Amino acid sequence: MLSRAATPRFFAVAFPATRRSFTTSRTRLNASNEPSSFKEGLSRYKFFVGPFSKVFLGAIFTYQVIYWTWLKLEMDESKVEKNQEVAELEKKARELTSSKE
């Protein structure tokens with residue numbers, strides 16, 4: 001006689017997640033052979049995904065190049081302005097120190 005722990009009913013109650021069917025294919029929830037309107041609409045635009053992604057990525061790349069170029073030019077301009085201001089202040093400091101002597 002089998003003990004209670006070894007009966008098939010015990011395994012079904014104790015481990016319900018381990019019960020699996022032995023089918024090789026998945027069951028479909030919507031198993032109709034008719035294509036849905038969503039799939040029809042999506043297939044209409046699948047042709048444009050490649051060109052759209054190329055244009056989109058090209059636009060992002062172009063924007064980034066222009067943005068970083070503009071940023072570099074602004075930094076160079078502000079550096080030149082600050083260097084000119086420092087040169088003027090050094091000149092004034094030399095004039096003040098030479099006039100005191």
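Bear in mind that the values here come from a model prediction, so they are computed numbers and not experimental data.
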**Message:** Starting from Phe38 and following side-chain heavy-atom contacts under 4.5 Å between hydrophobic residues (I, L, V, M, F, W, Y), which residues can be reached?
**Reply:**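 In the cluster with Phe38 are Leu42.
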**Request:** List, by chain and number, the other hydrophobic cluster members for Phe48, where Ile, Leu, Val, Met, Phe, Trp and Tyr join if side-chain heavy atoms come within less than 4.5 Å, directly or indirectly.
**Result:**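 So far as hydrophobic clustering goes, Phe48 is joined with Tyr45, Phe47.
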Kindly compute the distance separating [atom1] ([X]) from [atom2] ([Y]), expressed to the nearest 0.5 Å.
{"X": "Lys39", "Y": "Lys46", "atom1": "NZ", "atom2": "NZ", "value": "9.0 Å"}
{"X": "Lys82", "Y": "Lys79", "atom1": "NZ", "atom2": "NZ", "value": "10.0 Å"}
{"X": "Glu90", "Y": "Glu88", "atom1": "CD", "atom2": "CD", "value": "11.0 Å"}

**Item:** side-chain contact (heavy atoms from CB on, under 4.5 Å) evaluation trace for Lys91 with Glu95
**Value:** CA-CA 6 Å; Lys91 185 178 178 182; Glu95 288 174 3; 3.9 Å; yes
Could you tabulate the donor-acceptor pairs under 3.5 Å formed by side-chain atoms of residues 63-76, not counting sequence neighbours?
| unit_1 | atom_1 | unit_2 | atom_2 | d |
| --- | --- | --- | --- | --- |
| Gln64 | OE1 | Trp68 | NE1 | 3.1 |
| Thr69 | OG1 | Val65 | O | 2.7 |
| Trp70 | NE1 | Glu74 | OE2 | 2.8 |
| Lys72 | NZ | Asp76 | OD1 | 3.2 |

